Amino acid sequence: MRWVALRMLMGDRGKFLGLIFGVAFATLLMSQQVSIFMGILTRTASQILDVRDADIWVMDNKVRFIDEVPPLADGDLQRVRGVPGVAWAVKFYKAQLLVRLEDGNSRSVIMMGIDDATFVGAPAEMIRGELSDLRQPDAIIVDKAGYEYMWPNESYKLGREIQINERRAVLVGICKASAPFTTLPILYSKYSTAANFAPKGRRMLTCVLAKPVEGMAGADVCRRIEKETGLMALTQEEFFWKTIFYFLGSTGIPVNFGITITLGFIVGAAVTGQTFYLFTVENLRQFGALKAMGVTNRRLIGMILLQGLLVGCIGFCIGIGLTAFFFVGTSQVTVLAGLYMTMTALVGTGSAVLIIIMLTALASIHRVLVLEPAVVFRG
């Protein structure tokens, strides 16, 4: 019966290819949009993930996400260091500043001020220059995407001078960094250097980065810090998800991507369902003949499910392959760097395709189950 089912399915090549196209298109649209959606959400908290040396973030207790952090008093650093369970704590600065390039043009950038002594919060990988070069006067490091944004179509060149709040800054290195949500260049400097670049104010300490004593859970140390200082203390994972949930609840990103993903599901279900249903209707005489020969309803259901699963499997593989090809082809595009197909998108899309196939098969199965074998003898 399996062979008969496959022969019936592939006998009409037009409908067979149409079924595959419908599933492939739905798979491509859903998997691509889910992956891009997850990638963009990750970008909103990418600077949190890039800090690999510290497990705890201490900040003002009204912080909602990483780009809305009221500054702390310098004395808060010592208060955090005095909490039992804190192995060490250092200063960290993050803000959006305006820089002026050599040609007079201005660019907005994200300035990151890392600890002068330990370089906690520094980029993990350098492309040009050395991290130790930050100890030079007025030294800054820029991320690869930021360099290409500020100096497009130019080769990497160290020693460039720019102005930040009318102060000289010298480029001593180029690094790799996760793309931020706003796709602005990311500049790194020592905390003391960033203090000279930043607008003058009474406070500039964005947050305190800390590490728990070995053997102690980061979450437990966070609760101690909150109790003794009144500040908010979060583990890296907690701060990451706090930022993600802020953007999920306060922006139109989920709605826009949700509409596209839903449309992909509806279009895939409509095209596949209609085509598969018409295919079944046109083959009712063949199903009637099989019934007349004594084939049970259970066997007929198995034939229809086999046809649906085969179409779903081929279409899903083609759609996922096209999605993977898209992300591989755009991996070298600066603005799309870091976007890739996730396992969650793969499994979620596969589940959605399975639902489409099951719904489509159910509609066709109903027509076959109520079919009278005598239909084969009608003119």
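In this chain, residues are counted from 1 in sequence order. Computed from a predicted structure; not experimentally measured.
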Spell out, as yes or no, whether a donor-acceptor pair under 3.5 Å connects the side chain of D138 to the backbone of V170.
->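 No, the answer is negative, given that no donor and acceptor are paired below the 3.5 Å cut-off.
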
Check whether any side-chain N or O of R223 sits under 3.5 Å from a backbone N or O of A233 as a donor-acceptor pair, and report yes or no.
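Yes, the answer is positive, given that a donor and an acceptor are paired below the 3.5 Å cut-off.
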
* Asked: Same hydrophobic cluster for M216 and L234, using side-chain heavy-atom links shorter than 4.5 Å among ILVMFWY?
  ->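 Cluster IDs for M216 and L234 differ.
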
Any idea which heavy atoms bring [X] and [Y] closest together, and the distance?
{"X": "Q47", "Y": "I66", "value": "CB-CD1, 3.9 Å"}
{"X": "Q236", "Y": "A54", "value": "NE2-O, 4.5 Å"}
{"X": "E238", "Y": "T235", "value": "OE1-N, 3.0 Å"}
{"X": "A198", "Y": "M204", "value": "CB-CE, 4.5 Å"}
{"X": "K211", "Y": "D55", "value": "NZ-OD2, 3.0 Å"}

My understanding is that only residues two or more places apart in sequence, or in another chain, count here; which of them pass ring pair (Phe, Tyr, Trp, His ring centres under 6.0 Å) with [X]?
{"X": "F245", "answer": "W241"}
{"X": "F37", "answer": "F257"}
{"X": "F239", "answer": "W57"}

For [X], which residues count as a side chain to side chain contact (heavy atoms under 4.5 Å, CB included) partner, sequence neighbours excluded?
{"X": "L187", "result": "V99, V109, M111, I140, V142, M150, I162, I164, P185"}
{"X": "N165", "result": "L97, P199"}
{"X": "D50", "result": "R52, A177, S178, Y188"}

Acceptor/donor pairs from residues 18-26 side chains to any protein atom, 3.5 angstrom cut, sequence neighbours excluded:
none

Sub-4.5 Å side-chain heavy-atom contact between [X] and [Y]:
{"X": "L98", "Y": "S108", "value": "yes"}
{"X": "L205", "Y": "P71", "value": "no"}
{"X": "M358", "Y": "L305", "value": "yes"}

Would you say [X] has more than 12 foreign heavy atoms packed within less than 6.0 Å of its [atom1]?
{"X": "E237", "atom1": "CD", "answer": "no"}
{"X": "E102", "atom1": "CD", "answer": "yes"}
{"X": "D103", "atom1": "CG", "answer": "yes"}
{"X": "E154", "atom1": "CD", "answer": "yes"}

For the atom pair [atom1] ([X]) and [atom2] ([Y]), what is the distance rounded to the nearest 0.5 Å?
{"X": "L184", "Y": "Q96", "atom1": "CG", "atom2": "CD", "value": "5.0 Å"}
{"X": "C313", "Y": "L306", "atom1": "SG", "atom2": "CG", "value": "11.0 Å"}
{"X": "I314", "Y": "L17", "atom1": "CD1", "atom2": "CG", "value": "9.5 Å"}

Please tabulate, one pair per line, all N/O donor-acceptor pairs under 3.5 Å involving side-chain atoms of residues 82-95, not counting sequence neighbours.
residue, atom, partner, partner atom, Å
K94, NZ, D67, OD1, 2.6

Among residues two or more places apart or on two chains, list those pairs meeting ring pair (Phe, Tyr, Trp, His ring centres under 6.0 Å) that have a residue in residues 145-181.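 For residues 145-181: Y147-W151, Y147-Y156, F181-F247.
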
_Taking side chain to side chain donor-acceptor pair (under 3.5 Å) as the cut-off, I'd like each qualifying pair that reaches into residues 27-42, sequence neighbours left out, listed once._
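Qualifying pairs: S31-T323.
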
Show me the donor-acceptor pairs, under 3.5 Å and distance only, between side chains in residues 336-349 and residues at least two apart or in other chains.
residue, atom, partner, partner atom, Å
T342, OG1, A345, N, 3.1
T349, OG1, A345, O, 2.7

Under 3.5 Å, which donor-acceptor pairs do the side chains of residues 118-125 form with other protein atoms, sequence neighbours left out?
residue, atom, partner, partner atom, Å
T118, OG1, D115, OD2, 2.7
T118, OG1, V120, N, 3.4

